[in-house]
Structure formats: structure tokens, C-alpha cells
Amino acid sequence: MSELKEYKCPNCSGRLEFDTKSQKLKCPYCDGTFDPDIFDDGKQYDLNVEKWEDADYLVYSCKSCGGTIMADKDTAASKCPYCDSPVVMIGNVSGDLKPKRIIPFKYDKEQAKEEYRKHLKGKVLLPKAFRSEAAFEEIKGIYVPFWLFDGKANAKMWFDATRSHTHREGDYEVTETRYYKLFRSGSIEFAHVPVDASEKIDDELSQSVEPFDSKGLKDFNDNYLAGYFADRYSVSAKDSVDIADERIMNSTRHMFDSTTSHYDTAVPSASSIHLMHGRQEYVMYPMWMMNVRYKDKRYVFAMNGQTGKFVGDLPVDTMKSRFIALGVFLLATIVVALLQLLAIGVK
Amino acid sequence: MKRLFRILLVAMLMLLATNRINAEDDHIILDDNYVQDHYDELNDDLKHIEEDYDIGIYFVLDKSINDVDAYAKSFLETHSHATSNVVMVVSEDNYAIATNGYYANDVNTYKKQLWNKYNDAPTYTDGIRDYYQAVTAIVNANQYSSVVPKVSGTPSVYDEAGLLTGEQAKQLKEKIDQIRKKYGMDVVVVTTNDLKGAKAMDYADDFYDYNGYSKDGVLMLLSMDDRGWHVSTKGKGAKYFTDYGIDVIVDKMMSNLKKGNFYEAFTIFADQADYFIDQGRQGNIIDTNNPVKKEKTFGIFNGAISAVVGALSSLFTSLILNGQMKSIKMEKYAGSYVVDRSFVINGSADMLVDTKVSRHYDPPHHESSSHSSSGGGSSMHTSSSGSSHGGHGGHF
């Protein structure tokens with residue numbers, strides 16, 4: 001638990017970090033790169049951990065500069081706030097706490113900032129001052145712990161459906177409605193349904209940057225964590241599986257419903273869905289997290305570290321919003337009125 | 001010279017004689033076998049009868065006539081100087097009686113009797129006299145007391161109710177006079193405060209028939225006692241002013257009628273009459289299959305549509321622009337994590353459990369269809385004078 005690992009370049013003792021472009025551990029000084037699956041020269045230290053009054057906080061001393069690294073019991077990877085040296089708390093990623101696999105970061109900090117700028121583009125209702133005044137409080141690349149669940153849904157569903165047809169018979173309009181009872185039975189397999197295992201990261205946030213492509217998963221090696229932040233799981237698999245089950249059930253109902261699309265109406269009348277749980281896996285997924293402060297409010301942004309999908313709620317300039325609403329109303333009203341006048345005038 | 005003078009005198013006398021036979025005010029016309037002079041007394045008698053009873057009684061005897069019916073009809077057309085007229089045309093062994101006016105129906109009833117009166121008499125003079133005395137008897141027995149005022153000079157405007165000022169009446173009269181002259185048809189505007197118990201339709205028809213208007217025309221009557229309007233049409237008037245057309249015209253007049261702007265209303269009537277007759281003459285009779293294009297104006301309804309579309313546009317735009325600003329939400333589904341081709345349906349059944357049929361009566365609308373091949377036309381009726389009139393009425 002009190003073991004820290006640092007990553008030093010064997011050639012020049014420079015600080016190694018995982019480089020997204022090369023997908024290797026890279027030394028910023030001598031440009032040396034090392035395969036993260038193989039590199040084994042990271043140094044481990046036995047360090048004294050000081051506990052603060054609040055037992056949630058742990059304090060470490062940076063080996064490179066002596067600075068204070070703040071962490072908590074869940075912290076698995078961090079950086080020295082003074083000298084930027086990456087450290088990994090080995091205890092939190094070993095033994096039972098070792099993730100099976102990890103998706104390494106594909107996007108770096110610069111790219112994250114670029115995606116942020118792109119995110120602001122074209123947002124008509126964004127207050128003009130936001131772009132210039134909003135200040136980054138924090139930009140962190142975090143490996144978020146996830147539980148991945150496999151499952152198979154066996155379902156039987158019944159629907160009440162109708163189909164109508166209308167035709168003319170002389171002076172009458174005849175409508176014939178046929179009522180059906182539909183039965184569907186089948187199965188769907190789901191793989192790697194992710195559930196956020198960190199208490200610190202809002203589920204809403206991590207779900208918004210989905211989907212993650214599980215094909216990008218690599219066997220876990222702590223080398224990937226160098227230069228990033230990471231936490232071990234704080235929500236157990238047992239407490240996570242229900243969330244995955246609900247999503248699977250919803251998708252199952254939705255997909256069975258789509259088999260009735262050739263009817264005019266179809267309403268589920270009864271269903272019996274049985275979930276068979278398959279494997280579960282503990283992994284780490286990359287996410288960029290950003291805090292931005294604007295007019296005394298904090299705005300949170302997140303980006304999928306693998307796909308680049310960027311999300312974050314933005315403030316609305318209410319004056320501008322009302323102004324545009326009024327403007328569109330007036331413009332549309334006038335245009336429609338003019339069109340009608342034109343139609344009346346042309347004979 | 002004296003010889004020449006004698007020839008001239010004979011020629012003039014002969015001319016006079018021929019004129020004598022064909023004098024226009026002769027009520028008795030005989031062919032060459034008869035001496036016209038003997039019937040002078042009867043002619044005078046008939047002239048007096050015409051003055052007293054307002055009925056022109058005629059008698060024609062001419063063995064050369066083949067089609068007595070046709071002759072009688074065409075004779076009346078050129079000899080209808082009184083309001084009512086009768087002619088008996090006698091040929092070899094044929095006779096025909098044609099009549100118009102007040103007493104038309106009654107005379108028609110007694111045709112055979114009139115013939116008998118003539119035929120049974122011993123002499124031509126007696127026969128003719130018996131004939132016209134019988135007609136006079138019919139007239140006396142059936143004195144038509146129509147409530148409509150007798151008006152001379154077939155005026156374009158007869159404003160008994162005093163709805164127009166002197167100046168307005170004059171202007172309206174001038175306008176309508178021009179129209180009548182232009183088309184050779186009669187257009188009349190009549191107002192009254194008292195229908196005197198008659199139905200508006202009868203009043204309008206009778207006013208037209210008994211005041212000497214021509215066989216083609218249209219009359220607009222306003223009766224203030226029941227706030228009613230009635231349009232009466234005759235001949236080409238009935239053809240050019242269909243039931244639909246009359247409604248169109250009155251529709252245009254209605255707001256003025258309701259407000260009491262009678263001059264404006266009648267002016268509209270006159271203008272419309274002009275237009276309708278003009279169109280009718282060109283073969284474009286205004287009817288359901290050739291309707292008057294509705295004059296559309298920008299009204300409240302149009303304003304409402306504009307506002308609604310405006311509001312919807314604004315709402316739609318707002319939703320989109322605000323939607324742009326939110327990107328964080330819970331994910332309900334796991335669709336991205338479905339294993340390829342793992343969705344298998346191994347059992348399905350679609351069972352028909354019930355069939356319901358509902359019928360909805362929805363006949364095609366003739367009135368609103370502008371593609372029907374024939375129009376509504378004009379509904380006709382026979383007035384008291386025996387002539388065929390079109391038109392209808394309503395209230396304001």
C-alpha cells in the first residue's frame with residue numbers, strides 16, 4: 001500500500017510518461033521510447049505514508065523533488081504537483097485490485113484542449129464572454145475504473161397489435177381494423193457493458209462519453225498509467241451489476257419491439273426476460289476531465305480518451321436566447337403573412 | 001294632263017286602300033276577299049275596349065295561312081301594345097288563339113268557347129263581334145286586381161319606399177339605363193314598404209310582367225316590411241342569373257343592405273348585373289361550374305396562421321439551440337454492446353384475434369366541387385301572368 005513506483009528513463013534518468021502518439025513510454029529528454037508491455041525498469045520505493053487527521057487523505061513525498069503528493073485510499077496513479085513526476089501507488093493495482101485490462105489513452109492533453117475549443121464552436125447561445133473569460137481550473141487525464149459485464153438475455157414477449165386499411169365503397173368510407181396478438185421469443189448477447197466503478201466520477205458523465213470500444217483493451221500493465229491519474233474501484237461489482245442489467249433489459253425490449261414495425265400499432269402486453277450473467281471484468285478506461293470556471297460557476301467537461309467524444313453542459317445566454325426566440329417569431333410571422341398576401345394578390 | 005291626274009288619283013286611292021287594309025291600329029285583319037271598311041265600326045269598338053280594359057283583342061282571317069299556331073304567336077309578338085292581348089287567327093278550317101298578359105290563363109281556358117262564339121254566328125261581323133264580346137266578358141269576370149303599382153314608362157328605379165335620395169335615385173337610374181341600352185335587356189330596382197299581403201315572389205314577378213318590361217330582364221325587389229329581397233328573372237335574365245349567381249350578387253350586397261346603405265347596395269347590384277349579363281352573352285354564364293372567383297382579403301384567420309407558424313418556428317428553434325448546450329445525460333440502453341449477429345428470434349407467432357369494420361358516410365360534395373360539368377342552373381316557376389320566371393329571395 002505504501003509502495004510508490006516511479007518511471008525513469010534508463011538512458012538519461014528522465015521522467016518517462018506514456019505517449020499517446022507512439023503508444024509507448026517516452027522520455028521527453030532523449031526521445032527514447034519503451035514498449036509499455038515489456039518495460040520493467042520502473043523503480044519502486046517503500047515510502048512512509050503520513051496520514052492526516054482526516055483519514056481519507058494520504059500524503060506522500062515525491063522522490064524526485066520532495067514535494068507533497070496528496071492522495072486518498074483509492075488513488076492508483078498521480079503526479080507530483082511540483083515537479084510533475086508521475087507516480088503509481090502499486091498497492092492499488094496489484095493482487096485483487098489489479099485490473100485485468102486497460103484501454104490506453106489515444107488523445108493527449110493538447111488534443112483534449114482542441115476538442116474543448118471545437119465543442120464551443122457553433123454554440124449560438126453560448127455567452128460571448130465564455131470563450132475569453134472561462135479559465136481552466138484543472139485538466140486531468142484519468143483512468144477510470146469500470147466493471148464490464150457480459151450477459152445473455154432470453155426473452156419472451158407478447159404484443160397487442162393492429163393494422164388498419166381504408167377504402168371507399170360508393171358514398172361510404174370503410175375502415176377495416178385487424179387486431180392481432182403477437183408472440184416473440186429469442187435471445188440477445190451483450191458483451192462488455194460498462195459500469196462506472198468510481199464514486200468520484202459521476203455515472204452520468206462516464207455514460208455520456210460512451211461507447212468505449214472493447215477491442216482496444218490491452219492486458220493491464222502499470223506502465224500505461226505513467227503520466228496520468230487513476231483510481232482503484234470504490235464501487236463493488238455486486239453493486240454495479242444492477243445498472244448493467246437494467247440497460248440490457250431496456251435494449252432487449254427495444255429490439256424485440258422493432259420486430260413488430262410492420263404493424264400500425266404494437267403495444268407490449270406481457271414480457272418475460274431472463275438474464276444469464278456471463279463474465280465480469282475489472283478494467284480501466286481513459287477519460288479526460290476538465291473543470292472550467294466562469295462567473296463563479298464550475299463547468300465540468302469530459303472526453304473519451306479513446307474515441308475523442310467530447311461532452312459538457314454549457315451555460316445559456318438567456319438574453320440572447322429570448323432575443324433570438326422573439327426574432328424568429330417575428331421573422332417567421334412576417335414571412336408567412338407576406339406569403340399569404342402574395343397568394344391573395346396573385347390571381 | 002287630266003288623264004295623268006286621274007291615274008295619279010286612282011293610284012293614291014289604291015295606295016290608301018292597301019294602307020287601309022294594313023293599318024297598324026287595325027284590330028281586325030282580313031284577307032283580300034273581304035272589304036275592310038265594313039269592319040270599321042268593330043275596329044273602333046275594339047280600340048275603345050283596349051283603352052278601357054287595357055286588353056288588345058285581335059282577329060285575323062286569312063285562308064292563305066298554313067301554320068295558324070305559329071302565325072298567332074308571332075302576331076302577338078308584334079301586337080302586344082296593351083298589357084294583355086288576345087288574337088284569334090282563322091284559316092281555311094283551322095283556328096288558333098294566342099294570348100298574353102293578365103287574362104292569359106282565363107282566355108286559354110275558354111279557347112273552344114271563343115271559337116264556337118265566332119263559328120256559330122250567321123255572319124262574319126256577328127261572329128267577330130260575339131268573339132270579342134266573349135273576351136270582354138272574361139275580362140269583366142276576372143278583373144285582375146294585382147297589388148303591384150301600375151307604373152308607366154318602364155322605369156329602371158321605382159323607389160316607393162323612399163330608400164334613396166333624389167340624387168341617388170337619379171344616379172342609379174342613369175347607371176341602369178345605360179346597362180339596359182347596352183344589352184337590350186331590362187334591369188329594374190324596386191322598393192316598397194308594404195307588400196300588401198302578396199308574397200315577395202309574386203310581387204316581383206307581377207311588377208315586371210304588368211308594367212310592360214321586355215321579355216328579357218332581371219328585377220331586384222326590396223320589401224322593407226319584412227326586410228326581404230327578391231330577384232325575379234325572365235327570358236335571358238333567367239339564363240344569365242342562375243340560382244347560384246343571384247346568391248353571389250346578394251352576398252356582395254348584404255353588408256350594405258344590413259347597414260342600410262341602399263344606394264351602395266343597388267350600385268353593386270347594377271355593376272354585378274352588367275358583369276353577369278356580359279359574361280352570359282359570351283357564353284360564360286356564372287354558375288356553380290363557373291363560379292365567381294372569391295375575392296380574398298387578408299383577415300384575422302390569415303393573421304392567426306402567421307402567428308401560429310411564427311410561434312412554432314420560434315419554439316422549434318429554441319429547442320434546437322438549447323439542445324445544443326446540453327450533452328450530459330444518463331444512457332438508458334446497451335445497444336452499443338450487442339454482440340454481432342447475436343440477436344436471434346427462435347419463435348414468433350402472429351395471430352389474428354378480431355376484425356372490426358366501421359363505415360363512415362361521406363358523400364361527395366357537389367356544391368363545393370368546381371369540376372362538375374354542369375352548373376346548378378336556374379329554378380323556374382310560372383307567374384300569375386303565365387310567363388316563366390326564375391329567381392328567389394331571402395332576408396337581410
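So you know, we letter chains A, B, ... as the sequences are listed, proteins then strands, and number each from 1.
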- Task: Tell me, out of A:Thr333, A:Val328, A:Val336, who's got the most heavy-atom pairs with chain B below 4.5 Å.
- Result: A:Thr333
- Item | Expected output: side-chain A:Asp313 to main-chain B:Ser327 donor-acceptor under 3.5 Å | yes
- Note on the structure: Cut-off 4.5 Å, heavy atoms of chain B, and the answer for A:Tyr263 is side chain
- Top of B:Val357, B:Leu315, B:Leu352 for chain A proximity - count of heavy-atom pairs under 4.5 angstrom: B:Leu352
- Query: Should the heavy atoms of other residues, nucleotides or ligands under 6.0 Å from CE of A:Met319 be counted, would the total exceed 12?
  - Reply: no
- Message: Using the salt bridge (Lys or Arg N to Asp or Glu O under 4.0 Å) definition, which of the options A:Arg184, A:Arg163, A:Lys181 pairs with B:Asp350?
- Response: A:Arg184
- Query: Are the side chain of A:Gln207 and the backbone of B:Glu331 linked by a donor-acceptor contact shorter than 3.5 Å?
  - Reply: yes
- Approximate separation, where rounding is to 0.5 Å, of A:Leu314 CG and B:Ile328 CD1: 9.0 Å
- Query: Where does B:Ser313 contact chain A at under 4.5 Å (heavy atoms): side chain, backbone, both or neither?
  - Reply: both
- Message: At a 4.5 Å cut-off on heavy atoms, which part of B:Ser336 comes close to chain A: side chain, backbone, both, or neither?
- Response: side chain
- A:His119 portion near chain B, given a 4.5 angstrom heavy-atom threshold: side chain
- Item | Ring centre gap for B:Phe343 and A:Phe256 strictly below 6.0 Å | yes
- Counting only heavy atoms not in A:Lys123, do more than 12 sit closer than 6.0 Å to its NZ atom? yes
- Query: Does any heavy atom of chain B fall under 4.5 Å from the side chain of A:Leu126, the backbone, both, or neither of them?
  - Reply: both
- When you measure from the centre of the six-membered ring of A:Tyr172, is the NZ or CZ of B:Arg359 under 6.0 Å away and within 45° of the axis? yes
- Query: Do other residues, nucleotides or ligands put more than 12 heavy atoms under 6.0 Å from the NZ atom of B:Lys173?
  - Reply: no
- Could you check which of A:Thr260, A:Leu339, A:Thr177 has the highest count of heavy-atom pairs closer than 4.5 Å to chain B? A:Thr177
- Task: Would you check, one step at a time, whether the test side-chain contact (heavy atoms from CB on, under 4.5 Å) holds for A:Val174 with B:Ser358?
- Result: CA-CA 6 Å; A:Val174 180; B:Ser358 73; over 6 Å; no
- Note on the structure: Correct closest heavy-atom pair for B:Tyr333 and A:Ser251 would be CB-OG, 3.3 Å
- Message: Are the side chains of A:Ser321 and B:Asn322 in contact, using a 4.5 Å heavy-atom criterion?
- Response: yes
- Message: Please classify the contact between A:Leu125 and chain B as side chain, backbone, both or neither, with a heavy-atom cut-off of under 4.5 Å.
- Response: both
- Message: For A:Arg131, I'd like to know if atom CZ has over 12 heavy atoms of other residues, nucleotides or ligands within 6.0 Å.
- Response: yes
- Option in B:Ala311, B:Gly347, B:Gly335 with maximal non-hydrogen atom pairs under 4.5 Å from chain A: B:Gly347
- Message: Please check if the number of heavy atoms outside B:Arg341 that lie under 6.0 Å from its CZ is greater than 12.
- Response: no
- Is the count of non-hydrogen atoms from other residues, nucleotides or ligands lying under 6.0 Å from A:Lys200 atom NZ greater than 12? yes
- Under 4.5 Å from a heavy atom of chain B, the part of A:Ser164 involved: neither
- Task: Any chance you could measure A:Asp202, atom CG, to B:Met330, atom CE, to the nearest 0.5 Å?
- Result: 8.5 Å
- Task: Show the numbers, then the answer: is there a side-chain contact (heavy atoms from CB on, under 4.5 Å) between A:Tyr179 and B:Lys356?
- Result: CA-CA 8 Å; A:Tyr179 293 83; B:Lys356 288 205 180 112; 3.8 Å; yes
- B:His360 side, atom NE2; A:Asp171 side, atom CG - distance, nearest 0.5 Å: 11.0 Å
- Item | Region of A:Arg168 in contact with chain B, defined by heavy-atom distances below 4.5 Å | side chain
- Task: Count the heavy-atom pairs under 4.5 Å between each of A:Ala161, A:Ala153, A:Pro194 and chain B, then report the option with the highest count.
- Result: A:Pro194
- Query: Are more than 12 heavy atoms from other residues, nucleotides or ligands located less than 6.0 Å from atom CD of A:Glu246?
  - Reply: no
- Message: For the interface with chain A, which of B:Ser318, B:Ala307, B:Gly303 has the highest count of heavy-atom pairs at distances below 4.5 Å?
- Response: B:Ala307
- Among A:Gly122, A:Ser206, A:Ala244, A:Gly170, who wins on heavy-atom pairs under 4.5 Å with chain B? A:Gly122
- Message: When you measure from the side chain of B:Ser342 to the backbone of A:Glu189, do you find a donor-acceptor pair of N or O atoms at a distance under 3.5 Å?
- Response: yes
- Query: In terms of side-chain heavy atoms, does A:Glu210 have a donor or acceptor partner in B:Tyr337 at a distance below 3.5 Å?
  - Reply: yes
- Query: Measuring heavy-atom distances to chain B, does A:His167 have an atom under 4.5 Å in its side chain, in its backbone, in both, or in neither?
  - Reply: neither
- Picking from B:Asp340, B:Asn302, B:Val309, which has the most non-hydrogen pairs under 4.5 angstrom with chain A? B:Asn302
- Message: Quick one, B:Ser306 with A:Gln340, criterion side-chain contact (heavy atoms from CB on, under 4.5 Å). Give me CA distance, side-chain angles, the key distance, then yes/no.
- Response: CA-CA 9 Å; B:Ser306 311; A:Gln340 291 179 90; 3.0 Å; yes
- Note on the structure: In short, A:Val124 meets B:Gln324 closest at the heavy-atom pair N-OE1, 3.3 Å
- Item | Heavy atoms of other groups near A:Arg322 CZ, more than 12 under 6.0 Å | no
- Task: Could you look at A:Val300 and say if it's the side chain, the backbone, both or neither that has a heavy atom under 4.5 Å from chain B?
- Result: backbone
- Message: Is it the case that the side chain of A:Ser185 and the backbone of B:Asn346 share a donor-acceptor pair, with hydrogens and angles ignored and the cut-off at 3.5 Å?
- Response: no
- Query: Can A:Glu176 and B:Thr355 be said to form a side-chain contact (heavy atoms from CB on, under 4.5 Å), step by step?
  - Reply: CA-CA 7 Å; A:Glu176 189 186 85; B:Thr355 306; 3.8 Å; yes
